[in-house]
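What follows is a single structure, written as structure tokens, with notes after it.
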Amino acid sequence: MENDSSTSVANLPKAPLAQLTVDPDDVEPATPPPPTTTDGAEGEDARAEGEMKVAVADVIAINRKLRRAVKERDAERANLRSEAERLKKELSDAKMLQVQQAEDILSLRQELEAARRNQVLRRASSSLERETSVERGNAYMNSSTAKGKRKIHHPLSSELNEVDPGTPGTGPGGGGGGNSSLSVRRAVMSRQTSIGTSDVLEGLPAFQQDHLAQTFVDLYKNPLGSVAYMTSEQFASDILELCGKAKSVFEAESRCLYLESPCYVFGDTHGNLEDLHFFSDNLWRLGLNLSAGKFLFLGDYVDRGLSSLEVVTYLIALKIMYPDKVFMLRGNHETRDVNGWEEHYGDRSFIAQCKNRFGEALGEEVWEELNCVFDRLPLAAVIDRDIFCIHGGVPRPLPNSPQGASRLEMIQKIPAVSGINPPYDHEDEHLRQMASECIWSDPAGEDQEESGELGGDGYGESPRGGGTICFGNKEGSFSPFRTPPPPPF
């Protein structure tokens with residue numbers, strides 16, 4: 001009889017597979033046991049047990065892979081949920097922005113409509129006040145005094161002559177039977193009761209009735225209502241026609257204008273239509289024909305701002321309608337070398353705005369035609385023979401000019417059509433250089449004058465470079481303007 005300690009493995013009770021409690025993280029895949037040479041039932045049981053261990057290890061490995069796959073899937077789902085939330089938030093923000101923009105556009109349209117109504121009401125009120133003033137003046141002048149005096153006046157006189165027929169039967173020497181005596185008394189009339197006001201208003205110079213120019217002026221009062229037209233070929237065609245009318249207007253003017261005050265002077269606008277709207281609402285809200293004074297613009301109407309086409313065509317239209325009230329000088333941006341510098345100014349360059357609006361070919365045609373108008377702009381102006389206005393600065397005198405010649409007279413010699421940069425073939429080099437300095441030169445800084453960089457004539461090289469000059473405060477640079485006096489107006 002065999003000992004109990006040597007009981008065969010085959011005789012041990014076998015635990016079912018479901019009762020195995022193995023932690024997958026603590027079990028490594030088992031390797032098959034080496035083959036044994038045991039024969040009989042004991043060898044079969046050993047092989048079965050080895051195969052069972054291999055199967056359990058495979059199940060554990062598969063379980064690990066499944067758990068990793070589940071974790072990766074959960075992480076991917078979490079990422080997708082996060083991305084979906086982000087896209088949902090962006091869509092919501094975009095909808096809110098769209099609603100806000102729509103509300104802003106609606107508010108702007110309402111404000112423009114209210115401003116237009118107010119302007120109509122102001123004009124109507126002003127017209128009513130003028131009519132009331134005239135009626136009061138007529139009533140005053142037609143009323144008889146207690147003494148039966150007749151009132152005689154000149155329409156433009158601020159004084160009233162009252163004529164008293166005197167007493168019948170009295171003469172210069174006294175006594176009866178003589179002729180009636182006349183007594184004349186001069187009284188000061190109130191300006192509010194002067195019936196000459198209506199005559200003065202009727203005598204004002206009428207503005208040039210031009211349908212096309214009026215179309216451009218009206219267009220920019222409400223540009224949002226004409227977006228389709230302002231990007232059409234018809235708009236480009238109208239600009240070309242407007243330029244054709246403007247050329248003769250500017251070409252007929254002298255290169256140095258002589259103006260009288262009152263005169264409003266405006267600096268660079270650089271494609272900023274909002275500034276012109278502000279000026280229109282505050283300086284000539286009743287219309288230029290009813291606004292006192294003249295309006296002088298010193299150049300640089302294009303580039304930098306994104307409304308260059310609107311600004312320059314609006315001003316040109318005003319010039320055509322009011323040639324004796326609106327005056328435009330030339331700036332350095334009214335040259336092809338500057339407003340055609342697309343590489344420097346990019347989308348804010350004048351030529352780029354023309355091409356973006358009308359396409360390559362038509363845009364360049366509009367750009368060139370407007371530059372032909374710029375070639376005819378005056379270069380300087382003098383107000384009341386005292387105030388010198390120019391975009392750049394004081395130019396150097398022409399070489400070999402007569403002794404005591406005025407710089408203003410030299411400016412007048414510049415051709416009415418000047419390309420400047422680049423020049424036309426007909427342009428004299430010295431006159432072209434003077435025209436260039438009118439639009440490019442700058443006042444010298446204090447450090448330049450103190451360091452002696454300026455020459456004896458008061459001129460020196462400008463920090464701009466490119467051959468431009470600057471002028472100082474020395475007598476030499478200004479004396480030609482003082483003697484001889486400028487020509488009469």
Side-chain angles (χ1 to χ4, degrees), residues 203-208 245-269 279 283-284 288-289 291-301 315-316 318-332 334 373-398 401-418 420 427-428 430-441 443 471 475 477-489:
L204 289 175
F207 66 91
Q208 300 292 328
K245 296 183 177 183
K247 289 178 185 178
S248 58
V249 176
F250 289 116
E251 194 170 344
E253 294 182 323
S254 60
R255 298 304 87 190
C256 181
L257 305 170
Y258 290 92
L259 308 177
E260 293 180 334
S261 60
C263 184
Y264 296 91
V265 182
F266 304 88
D268 302 0
T269 50
F279 297 147
L283 297 182
W284 59 82
L288 285 174
N289 58 324
S291 299
K294 300 175 175 62
F295 302 87
L296 175 64
F297 296 85
L298 299 184
D300 277 9
Y301 313 108
L315 292 177
I316 290 175
L318 290 180
K319 177 63 179 178
I320 293 175
M321 295 175 61
Y322 310 99
D324 297 325
K325 292 185 72 70
V326 177
F327 299 91
M328 298 171 61
L329 300 186
R330 189 174 188 178
N332 59 305
E334 280 69 63
V373 176
F374 297 158
D375 293 340
R376 291 159 170 80
L377 294 180
L379 296 168
V382 178
I383 302 175
D384 292 340
R385 301 183 182 179
D386 183 56
I387 303 173
F388 179 64
C389 302
I390 198 166
H391 179 80
V394 181
R396 291 173 293 185
L398 293 173
S401 56
Q403 182 68 25
S406 169
R407 206 73 51 84
L408 301 178
E409 295 173 349
M410 299 179 192
I411 294 177
Q412 298 287 26
K413 295 180 181 179
I414 297 174
V417 181
S418 302
I420 304 179
E427 294 183 60
D428 176 78
H430 297 303
L431 292 174
R432 187 206 67 81
Q433 182 63 36
M434 172 169 275
S436 178
E437 292 175 5
C438 286
I439 63 176
W440 277 106
S441 62
F471 58 94
E475 183 72 15
S477 61
F478 290 93
S479 57
F481 284 97
R482 299 195 180 114
T483 56
F489 291 98

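- D324 places none of its side-chain heavy atoms less than 4.5 Å from the side chain of Y322.
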Would K319 and K325 count as a side-chain contact (heavy atoms from CB on, under 4.5 Å) here? Give the steps. CA-CA 8 Å; K319 177 63 179 178; K325 292 185 72 70; over 6 Å; no
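- Taking the salt bridge (charged side-chain N to carboxylate O under 4.0 Å, His left out) definition, one finds that D375 meets it with R330, R336, sequence neighbours left out.
- Across all non-hydrogen atoms, the minimal contact from S254 to P378 is O-CB, 3.6 Å.
- The structure places CE of M328 at 10.5 Å from CG of L296, a figure rounded to the nearest 0.5 Å.
- Once rounded to the nearest 0.5 Å, the distance linking CD1 of I390 with CG of L298 reads 9.5 Å.
- For E334, the side-chain hydrogen bond (donor to acceptor under 3.5 Å, both in side chains) test picks out no residue, with sequence neighbours left out.
- Partners of N332 according to the side-chain contact (heavy atoms from CB on, under 4.5 Å) rule, which considers only residues two or more places apart in sequence or in another chain, are D300, H391, I439, W440.
- Closest of all the heavy-atom pairs between C263 and E260 is CB-O, 4.1 Å.
- For R396 against M434, the heavy-atom pair with the smallest separation is O-CE, 3.0 Å.
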Residue pair R376, E251: steps toward the salt bridge (Lys or Arg N to Asp or Glu O under 4.0 Å) verdict: CA-CA 5 Å; R376 291 159 170 80; E251 194 170 344; 3.1 Å; yes
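- To the nearest 0.5 Å, atoms CE (M321) and CG (L288) are separated by 8.0 Å.
- For S401, the side-chain hydrogen bond (donor to acceptor under 3.5 Å, both in side chains) criterion is met by no residue, not counting sequence neighbours.
- For K294 (side chain) and V326 (main-chain N/O), no donor-acceptor pair under 3.5 Å exists by modelled atom type.
- Under a 3.5 Å cut-off, the side chain of D384 and the backbone N or O of D386 do not form any donor-acceptor pair.
- A246 meets the side-chain contact (heavy atoms from CB on, under 4.5 Å) test with F250, I316, I320, V373; sequence neighbours excluded.
- Considering only heavy atoms from C-beta on, F471 comes within 4.5 Å of P443 through its side chain.
- Every residue two or more places apart in sequence or in another chain that forms a side-chain contact (heavy atoms from CB on, under 4.5 Å) with T269 is listed here: L276, Y301, V311.
- In this structure K413 satisfies the side-chain hydrogen bond (donor to acceptor under 3.5 Å, both in side chains) test with no other residue, sequence neighbours excluded.
- Taking the side chain as every heavy atom from C-beta outward, L377 and L329 never approach each other to under 4.5 Å.
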Is there a side-chain contact (heavy atoms from CB on, under 4.5 Å) between I383 and V265? Walk through the geometry before answering. CA-CA 10 Å; I383 302 175; V265 182; 3.9 Å; yes
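- Here R255 pairs with nothing under the salt bridge (charged side-chain N to carboxylate O under 4.0 Å, His left out) rule; sequence neighbours left out.
- The side-chain contact (heavy atoms from CB on, under 4.5 Å) test applied to F266 returns Y264, F279, L283, W284, F295, F297, not counting sequence neighbours.
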E437 and R432: CA distance, side-chain angles, deciding distance, salt bridge (Lys or Arg N to Asp or Glu O under 4.0 Å) verdict: CA-CA 9 Å; E437 292 175 5; R432 187 206 67 81; over 6 Å; no
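- When every heavy atom of V249 is checked against every heavy atom of E253, the shortest pair comes out as O-CG, 3.6 Å.
- Of all non-hydrogen atoms in P395 and I411, the two that sit nearest each other are CG-CD1, 4.3 Å.
- K245 meets the side-chain hydrogen bond (donor to acceptor under 3.5 Å, both in side chains) test with D210; sequence neighbours excluded.
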Between L379 and I414, is a side-chain contact (heavy atoms from CB on, under 4.5 Å) present by the stated rule, with each step listed? CA-CA 9 Å; L379 296 168; I414 297 174; 3.5 Å; yes
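- Taking CG of L398 as the start and CD of E409 as the end, the distance is 11.0 Å to the nearest 0.5 Å.
- The two atoms that bring L431 and D428 nearest to each other are N-OD2, 3.1 Å, heavy atoms only.
- To the nearest 0.5 angstrom, C256 atom SG is 5.0 Å from L408 atom CG.
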